[in-house]
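Below is one structure, written out as structure tokens; comments come after it.
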Amino acid sequence: MSQPNTMQAVVAHTTGGSDVLEVVKRAVPQPGPGEVLLKVAAAGINRPDIMQRKGVIAVPAGVTDIFGLEAAGVIVAIGADVKHLQVGDKVMALMSGGAYAQYCVATADHCLRVPGNIGMEEAAVLPEGLFTVWHNLVELGRLSAGDTVLIHGGASGIGTLAIQIASAMGAIVITTVGDYSKAPVLHKLGASCVVDYKKDDFVAACLKETQGKGVDVVIDIVGGSYIAKNMAAMAQGARHVSLSFIEGSVVPIDLQVMMRKQLTLTSSTMRPKSVQEKTRIAQAVTKHVLPLITSGRIKPYVYQRLPLAQAAMGQDLLDSGTCIGKVALIPEPVISFFDHFADSATFNHLYKTSC
């Protein structure tokens, strides 16, 4: 069946609040060598999308202005030199942009086959987290069985995956949340200790849980004042990995603490990595993590599903900190709770009171 020439996609006409997002008509992209074209079943919303919209991070040169770093869908066209995938395959893919659309192009080597025990919407919220957690927690953080890891933002998409992967590897997980009502879910995912950072001292909790030794790995998304606190909670020879900087990226570092404890402070961001590096990570995820998803040991957590036209609402929901897991966007029309309210004022009132 031939594909349409145009599609709906989400872009921003300027930087700012979620109201700058708009659905526009764009030409359906065509796959080049080593690429595939997906008919998108669902796309995941990620914090880098929000940072891009706010102007905190820029779109890399040569990358589409259409939002979205991950999607799941069916391959409908294949570019030259693609040998291991074919039209009709169901895949989930990491990309540098373009997922908030009805069709998107992905590098074939960055596509992961969708395990048969999960749906496409669940698959759509996995790639960015799988690549990020494997590289940062396992490779840079050098996590191993018996380690204790502190994961900030345990209820986030990254956090829920990091907890499950760390637990599956035999690590002890301490995590922070802004609302202790989320703790039962995080305990179920594998967290041994959940700390409400608004009420309790996570440094004291880490030292108590480790009998004064400190944690071996920290996965941080806050930056700012958290860096010094994280270092105080870390054990001798521990590794600190920064994924984001909600509280600020420029921070003072006490080199005496770093030297005395022989700490490693490192960081990475996935989007600018080379095609070759992402391919290597995709191969590692396929080998080590996908079997855990297939077995049910690791499960994606979709907090809400929204139509593509509600991308702004989805980003606001993620940014509010009320989510557990991720928000998925569905390009095709769907019948949902939201469709019962034609009056946007009524819908917005319900949305705000529920968040």
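If you're wondering where the values come from, they're calculated on a predicted model, not measured in any experiment.
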Criterion side chain to side chain contact (heavy atoms under 4.5 Å, CB included) against R113, the qualifying member of T286, T294, D89: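 Going through T286, T294, D89 one by one, the side chain to side chain contact (heavy atoms under 4.5 Å, CB included) with R113 is satisfied by D89 alone.
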For residues [X] and [Y], report the shortest heavy-atom separation together with the two atoms involved.
| X | Y | value |
| --- | --- | --- |
| G296 | N117 | N-ND2, 4.0 Å |
| P300 | V125 | CB-CG2, 4.1 Å |
| L308 | A101 | CD1-N, 4.0 Å |
| K326 | I45 | CE-O, 3.1 Å |
| G34 | D81 | N-CB, 4.4 Å |
| A312 | S18 | CB-O, 3.3 Å |

Side chains of [X] and [Y]: is there a donor and an acceptor less than 3.5 Å apart?
| X | Y | result |
| --- | --- | --- |
| E247 | Y226 | no |
| D49 | Y100 | yes |
| D179 | S181 | yes |
| H240 | T266 | no |
| R297 | S167 | yes |

Side-chain ion pair, K261 and D254, N-O less than 4.0 Å: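 A salt bridge is absent here (no side-chain N lies under 4.0 Å from a carboxylate O).
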Residues in side chain to side chain contact (heavy atoms under 4.5 Å, CB included) contact with P252, at least two apart in sequence or another chain: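 So P252 forms no side chain to side chain contact (heavy atoms under 4.5 Å, CB included) with any residue.
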Given side chains that start at C-beta, do those of [X] and [Y] come closer than 4.5 Å, heavy atoms only?
| X | Y | result |
| --- | --- | --- |
| P29 | L37 | yes |
| P115 | M92 | yes |
| S268 | K273 | yes |
| E70 | L126 | no |
| V91 | L38 | yes |
| I50 | L318 | yes |
| T15 | K54 | no |
| V241 | H135 | no |

Euclidean distance, M120 CE relative to I330 CD1, rounded to 0.5 Å: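 Taking CD1 in I330 and CE in M120, the distance rounds to 10.5 Å.
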Name the atoms and distances for all side-chain donor-acceptor pairs under 3.5 Å in residues 187-197, with sequence neighbours left out.
from	atom 1	to	atom 2	distance (Å)
H187	ND1	A191	O	2.9
D196	OD1	K198	N	3.0

Full working for salt bridge (Lys or Arg N to Asp or Glu O under 4.0 Å) between D65 and R26: CA-CA 11 Å; D65 63 337; R26 287 288 178 86; 2.9 Å; yes
